[in-house]
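One structure below.
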Amino acid sequence: MTTDDTTTDTTDVDARLLAGLAGLATEAPAGLPDAVFARWVRVPSGLGDVYAAATAHGVQFLRPAGDAGLAGFTAAYRARFARPLVAAPRPPAGLLPALRGRPGRGPALDLTALTGFERAVLDATRRIPAGQARPYGWVAREAGSPGAVRAVGSVLARNPVPLLVPCHRVVRADGALGGYLFGAPEKERLLRAEGMDVDGVADLARRGVRYLASDTTTVVCFPTCRDARRITPRHRHGFGTLDEAVRAGFRPCRTCRPAGAA
DNA sequence: CCGCTGACCGACA
DNA sequence: GTGTCGGCCAGCG
């Protein structure tokens with residue numbers, strides 16, 4: 001502790017500055033904190049415990065708690081969304097049931113930081129029901145960019161909200177499951193846990209069958225469509241392309257919308 | 001700004 | 001059956 005003049009002057013200035021700032025202090029306007037901060041929670045899921053970040057608009061980012069812990073999660077979040085993160089008092093409405101695999105709308109999502117194409121891809125992916133799967137090409141077409149098949153893979157590879165946007169249900173057209181941001185084995189585990197017949201679909205694909213049709217309803221579906229699974233074996237027909245099926249008199253299913261459905 | 005790189009797909013050699 | 005290539009969109013150096 002010195003008592004020379006410069007130090008005294010500085011202390012004086014500091015004191016006046018602090019007093020001035022104290023005079024400025026006031027309650028933050030309602031809603032301001034939520035406009036500035038995102039909030040994080042840690043919750044259980046099919047991927048183990050995950051961290052999720054939500055803004056006032058909805059869940060924006062979700063990652064497994066695994067490796068880097070909370071510090072890694074906040075770093076990844078800030079690198080991508082440049083917004084401070086504070087603890088949330090409770091999980092956003094609908095998050096826990098959605099992660100528990102309950103059917104329903106799930107929590108609101110905040111996809112505002114994404115491009116239009118990215119949002120379109122995630123929206124289409126969101127419409128794939130549990131226990132089912134669709135090819136990357138299907139997502140591209142549903143997203144309004146039928147040629148952007150590869151770009152769909154790029155978008156899903158950095159899906160900010162896995163599980164909530166079920167990108168694990170997007171698979172390759174040749175019957176392989178394709179990649180996953182947390183590893184292909186994890187993708188397969190999730191699909192099996194949801195009740196998808198992974199082996200059955202692989203068998204069909206190996207024999208060149210990518211579509212299943214029913215001669216009682218004259219409808220042709222993706223093999224994982226809930227309508228396709230109920231076709232009695234006697235009335236079931238397999239096709240390699242939708243074109244063949246259509247030429248044979250079958251119309252595209254309105255539930256799973258293989259290319260060409262109205 | 002350019003050039004490259006992806007969780008892909010279908011066409012063609 | 002395998003290999004290569006172009007198309008697509010966004011992030012990175």
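First the proteins, then the strands, lettered A, B, ... as listed; each starts at 1. Just so you know, these numbers come straight off a predicted model, no measurement behind them.
Counted by atom type alone, Arg63(A) and Tyr51(A) present zero donor-acceptor pairs between their side chains at under 3.5 Å. Judged purely by distance below 3.5 Å, without hydrogens or angles, the side chains of Glu188(A) and His168(A) never pair a donor atom with an acceptor atom. Side-chain contact check for Asp110(A) and Thr112(A): at least one donor-acceptor pair (N or O, by modelled atom type) lies under 3.5 Å.
With sequence neighbours left out, His235(A) forms a ring pair (Phe, Tyr, Trp, His ring centres under 6.0 Å) with no residue at all. In this structure, Arg134(A) has no salt bridge (Lys or Arg N to Asp or Glu O under 4.0 Å) partners at least two apart in sequence or on a different chain. Listed by chain and residue number, Ala202(A), Asp203(A) satisfy the side chain to side chain contact (heavy atoms under 4.5 Å, CB included) test with Arg206(A) (two or more places apart in sequence, or in another chain). In this structure, the side chain to side chain contact (heavy atoms under 4.5 Å, CB included) partners of Val50(A), at least two apart in sequence or on a different chain, are Val43(A), Ser45(A), Leu47(A), Leu62(A), Leu99(A). Every side chain to side chain contact (heavy atoms under 4.5 Å, CB included) that Asp197(A) has, sequence neighbours left out, goes to Asp199(A). Residues forming a side chain to side chain contact (heavy atoms under 4.5 Å, CB included) with Ala120(A) (at least two apart in sequence, or on another chain): Ala143(A).
Contacts between chain A and DNA chain B, taken as any atom within less than 4.0 angstrom of a protein heavy atom, begin and end at dG6(B) to dG10(B).
Looking at residues 151-164 of chain A, you'll see Ala151(A), Arg158(A) sit with a heavy atom under 4.0 Å from some atom of DNA chain C. Listed by residue number, Arg172(A), Ala173(A), Gly179(A), Tyr180(A) are the residues of residues 172-180 of chain A with a heavy-atom contact under 4.0 Å to DNA chain B. Using a 4.0 Å cutoff on non-hydrogen atoms, no part of residues 193-200 of chain A comes near DNA chain C.
For residues 81-119 of chain A, the pairs satisfying ring-ring contact (aromatic ring centres under 6.0 Å, His included) are Phe61(A)-Phe81(A), Tyr77(A)-Phe81(A), with sequence neighbours left out. Residue pairs satisfying the ring-ring contact (aromatic ring centres under 6.0 Å, His included) criterion with at least one member in residues 183-210 of chain A, sequence neighbours excluded, are absent.
Each of Gly147(A) and Glu118(A) was assigned the nucleotide of DNA chain C with the nearest heavy atom; the assignment lying further toward the 5' end belongs to Gly147(A).
Note on Arg206(A): nothing from the nucleic acid sits closer than 4.0 angstrom, heavy atoms only.
Between the CZ atom of Phe117(A) and the P atom of dG7(C) there is a distance of 16 Å, given to the nearest Å.
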